[in-house]
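Taking it in order: structure first as structure tokens, then the write-up.
The sequence lines fix the lettering, A, B, ..., with proteins before strands; numbering per chain opens at 1. Computed from heavy atoms alone, side chains included, the values below leave out hydrogens, waters and symmetry copies. These figures come from a predicted structure and were not determined experimentally.
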Amino acid sequence: MNASTRFKLSPVVMPEQDPAERVHNVREVPLGFTPEMALHEAQRCLHCTNQPCVEGCPVGVRIPEFIQAIESGDYLAGIGIIKQTNLLPAVCGRVCPQEEQCQKNCTVGKAHRDVGQAVQIGQLERFLADWERENHAAVIPQIPFASGRRVAVIGSGPAGLTVAGDLIKLGHAVTVFEALHMPGGVLGYGIPEFRLPKEIVYAEVAYLTRLGVDFQYNMVIGKSLGVDEVRQSYDAVFIGSGAGLPNFLGIPGESLLGVYSANEYLTRANLMHAYNENSDTPILRGKSVEVLGGGNVAMDSARTALRLGALRAIVLYRRSEEEMPARKEEYHHAVQEGVEFHFLQNPVKILGNREGWVTGLTVQKMQLGEPDASGRRRPLPIAGQTSNVPADVVVVAIGNNPNPLIPAALPSLQMNRHGGIVTDENTMETSVPGVFAGGDIVLGAATVILAMGQGRKAARAIHALLTRTTETAKG
Amino acid sequence: MNTIRKREELGRNVVRYVVDAPLVATHRKPGQFVIIRVTDHGERIPLTIADANPEMGTISLIVQSVGKTTREMTMLRPGNAIHDIVGPLGRPTHIQRFGTVLCVGGGIGIAPLYPIAKGMKEARNRVITILGARTHDLLILEDDMRNVSDELIVTTDDGSYGTKGLVTDAIRFLVNGGNHIDQAIVIGPPLMMKFTSLLTKELGIPTMASLNPIMIDGTGMCGGCRVTVGGEIKFACVDGPEFDAHEVDWDSMIRRLGTYCTAEQVAADRYDHECHVGLDAGESR
């Protein structure tokens with residue numbers, strides 16, 4: 001097929017659960033490509049010689065090659081190509097912001113001046129990963145030899161899983177310490193089931209277990225085991241403890257009953273299965289849920305509220321639609337499902353009744369001024385324009401800071417002013433020799449793929465450290 | 001899985017378990033807690049560590065059946081297992097030689113108070129203990145507390161044992177009797193902690209309280225355990241569980257404990273049990 005024929009092919013429309021139906025279940029929204037759809041979408045790739053898409057990928061997945069494999073019908077080869085650089089394709093295919101990475105650079109999209117016309121790389125990645133999982137086709141790679149070196153990974157989120165996968169394949173023994181009773185970090189507690197089925201996360205973890213990674217749950221490093229104890233027992237340590245420390249607004253009323261951090265709301269719903277009425281873990285099923293914030297977590301919270309039976313789920317955002325940081329796709333899905341968006345509204349007070357239950361919010365109407373440090377136009381209050389809106393549940397989704405437990409337990413770690421661990425940008429090594437860090441504990445709340453990218457860098461540096469010291473010991 | 005080694009009924013609906021948790025046993029300090037899940041589909045609840053035996057690799061947990069989960073737990077027998085135990089969590093109690101330390105415990109709050117009183121005694125403080133219970137058969141750990149106290153007073157609301165009255169009456173009695181107290185620590189049902197705190201503030205006695213809000217992860221991630229202390233939001237799991245009792249916004253804390261009262265009622269009804277959260281949530285710890 002020549003390039004102009006390929007270029008004329010229109011994007012395959014991803015089949016999705018009907019909005020009216022899906023708000024009553026927690027099953028995944030996009031249903032995935034059929035082999036025919038995947039073939040058609042793969043044929044849209046122009047196989048550019050300069051491969052701009054690969055440059056846009058934080059872990060450098062060899063995109064045109066795996067797409068070529070789909071076109072040839074060799075799915076096993078395709079997934080093999082992806083897995084050389086990306087251990088979690090089923091996850092990344094679903095939650096990566098491809099429109100800002102690989103797909104943003106795609107020549108097809110650029111030629112159409114519409115990123116929406118780019119080859120749907122993420123969906124193709126998901127297709128291969130799902131094919132592999134559903135057909136139990138995962139190949140256990142030959143692990144060359146046991147190095148005799150031991151690595152401790154703290155946290156089983158995307159960064160930790162990447163480090164564990166890379167190092168076990170290089171012959172090092174890896175133990176992953178997880179504070180919760182289930183693996184995945186934010187993939188498990190934060191991202192809702194309807195966006196990332198937990199079965200997928202657990203399948204990825206099961207694969208790592210088959211490779212020999214030892215997962216230890218209910219282990220809070222710095223508490224159950226001191227950081228120094230871990231350092232003494234392992235040749236290297238990777239900290240991937242994430243951005244689990246929710247921000248609150250600091251406005252009156254945040255202690256009222258019915259006010260949640262998004263982390264708590266989503267953890268109850270996801271990790272603890274409170275979306276199931278018979279779950280032992282309760283959750284307040286508000287009729288009118290106001291979500292404060294404009295990121296993906298706000299979208300997840302509002303959509304979760306609908307699935308918990310809310311009659312109205314409203315996102316309050318202090319800037320306009322333009323500045324909203326949520327992915328377009330998430331925003332679009334939320335709108336389809338009936339989430340209401342109130343832009344240029346800044347909550348200034350949460351209102352409650354005499355018994356302490358939330359009854360609503362006082363919101364200040366805003367307008368956009370000059371751009372601020374983030375480059376976005378700064379929201380400014382319009383004097384005298386406040387109003388009250390009703391709510392029986394309020395979810396605060398305005399971001400997270402790095403979790404403080406490990407830094408508190410290892411005071412010699414150098415920290416930045418946002419509470420993140422300072423690392424060398426090439427090796428991810430911290431100020432403490434032999435201790436590496438990556439993901440949200442370094443970045444603050446960022447993305448799955450950036451965390452994985454840092455995990456990959458750290459794994460490479462840890463491997464270099466372990467093999468160097470091995471050789472020194474031998475010599 | 002954490003196997004139960006020993007089970008002992010301490011009082012009405014109150015059970016002490018000795019359970020395998022080797023790392024918790026060697027790392028815990030007085031004032032810290034664990035989060036448990038009884039079954040693989042259970043909710044996560046915090047329980048204070050009442051004691052530990054590092055050599056045996058066991059910890060003691062004391063639980064009162066008040067809701068579905070605690071009810072389910074008290075059904076467990078030696079040889080059964082608690083599905084998950086994570087900890088020790090929270091900051092340990094600040095133990096030093098203060099002089100005279102007053103330990104005030106109510107209900108099942110006496111369980112976490114015991115290792116603290118013991119620690120205070122080992123730090124060569126004079127330890128005066130006041131234990132309060134609604135009625136005699138709800139009083140737990142009297143002998144254990146007596147062993148680590150220089151003086152022990154028991155009050156019961158109904159006068160069925162010790163002195164009839166509240167722990168606050170006993171505090172007044174002590175102070176009026178000329179006892180100087182350098183530091184107080186109070187653990188019990190929230191209302192008892194509130195009123196003890198109001199009194200010791202009036203009497204000028206520095207007071208710590210160990211709070212027992214609703215928690216999920218216990219690592220600072222969910223923020224569900226937030227309490228207002230000195231006008232600021234604190235997370236009890238990582239900043240506490242102990243705080244300056246005089247700075248705690250007790251009314252807000254007590255209200256938040258009742259968040260799931262209705263849901264818990266529904267769940268506990270299956271066990272034919274009533275919801276005590278509003279008044280006695282301290283008793284789940």
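Using a 4.5 Å heavy-atom cutoff, the side chains of P404(A) and F235(B) are not in contact. With contacts defined as side-chain heavy-atom distances shorter than 4.5 Å, the pair E264(A)/M221(B) does not qualify.
Contacts of V24(B) with chain A are absent, with no heavy-atom separation under 4.5 Å from either backbone or side chain. Residue I35(B): no heavy atom, backbone or side chain, is found under 4.5 Å from chain A. Interface residue L405(A): only side-chain heavy atoms are found under 4.5 Å from chain B. Residue V396(A): no heavy atom, backbone or side chain, is found under 4.5 Å from chain B. Both the backbone and the side chain of L23(B) come within less than 4.5 Å of a heavy atom in chain A. E254(A) touches chain B through backbone and side chain together, each having a heavy atom under 4.5 Å away.
Nearest approach of E72(B) to D280(A), heavy atoms of both residues: OE1-OD2, 4.0 Å. Taking all atoms of both residues into account, the shortest heavy-atom contact from T281(A) to E43(B) is OG1-CB, 3.3 Å. The minimum heavy-atom distance linking P88(B) with S224(A) is given by the pair CD-CA, 4.0 Å.
Remark: the backbone N or O of G223(B) is not paired with any side-chain donor or acceptor of S261(A) at under 3.5 angstrom. Looking only at distances, no side-chain donor or acceptor of S255(A) sits under 3.5 Å from a matching main-chain atom of S252(B).
Note on I85(B), T26(B), T228(B): by heavy-atom pairs under 4.5 Å with chain A, the leading option is I85(B). Between chain A and the residues R28(B), H83(B), R226(B), Q32(B), the largest count of heavy-atom pairs under 4.5 Å involves R226(B). Listed options D251(B), T39(B), T219(B) were ranked by heavy-atom pairs under 4.5 angstrom with chain A; first place goes to T219(B).
Expressed to the nearest 0.5 Å, how far OH of Y189(A) lies from CG of D217(B) amounts to 8.0 Å. Atom CZ in R256(B) sits 8.5 Å away from atom CG in L256(A) (nearest 0.5 Å).
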CA sep, side-chain torsions, deciding dist, call: Y260(B), L284(A), side chain to side chain contact (heavy atoms under 4.5 Å, CB included):
CA-CA 8 Å; Y260(B) 301 105; L284(A) 296 172; 4.0 Å; yes

Run the numbers on E355(A) and R255(B) for side chain to side chain contact (heavy atoms under 4.5 Å, CB included), then give the verdict.
CA-CA 8 Å; E355(A) 289 77 38; R255(B) 275 202 302 265; 5.5 Å; no

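Residue-level contacts of residues 296-305 of chain A with chain B do not occur; threshold 4.5 Å between heavy atoms. Residues of residues 265-275 of chain A lying under 4.5 angstrom from chain B, judged on non-hydrogen atoms, are T267(A), R268(A), M272(A) in numerical order.
Of the residues I36(B), V34(B), D84(B), N2(B), the one that meets the side chain to side chain contact (heavy atoms under 4.5 Å, CB included) test with N218(A) is D84(B).
For Q96(B), the CD atom sits in a packed shell: over 12 heavy atoms of surrounding residues, nucleotides or ligands are nearer than 6.0 Å.
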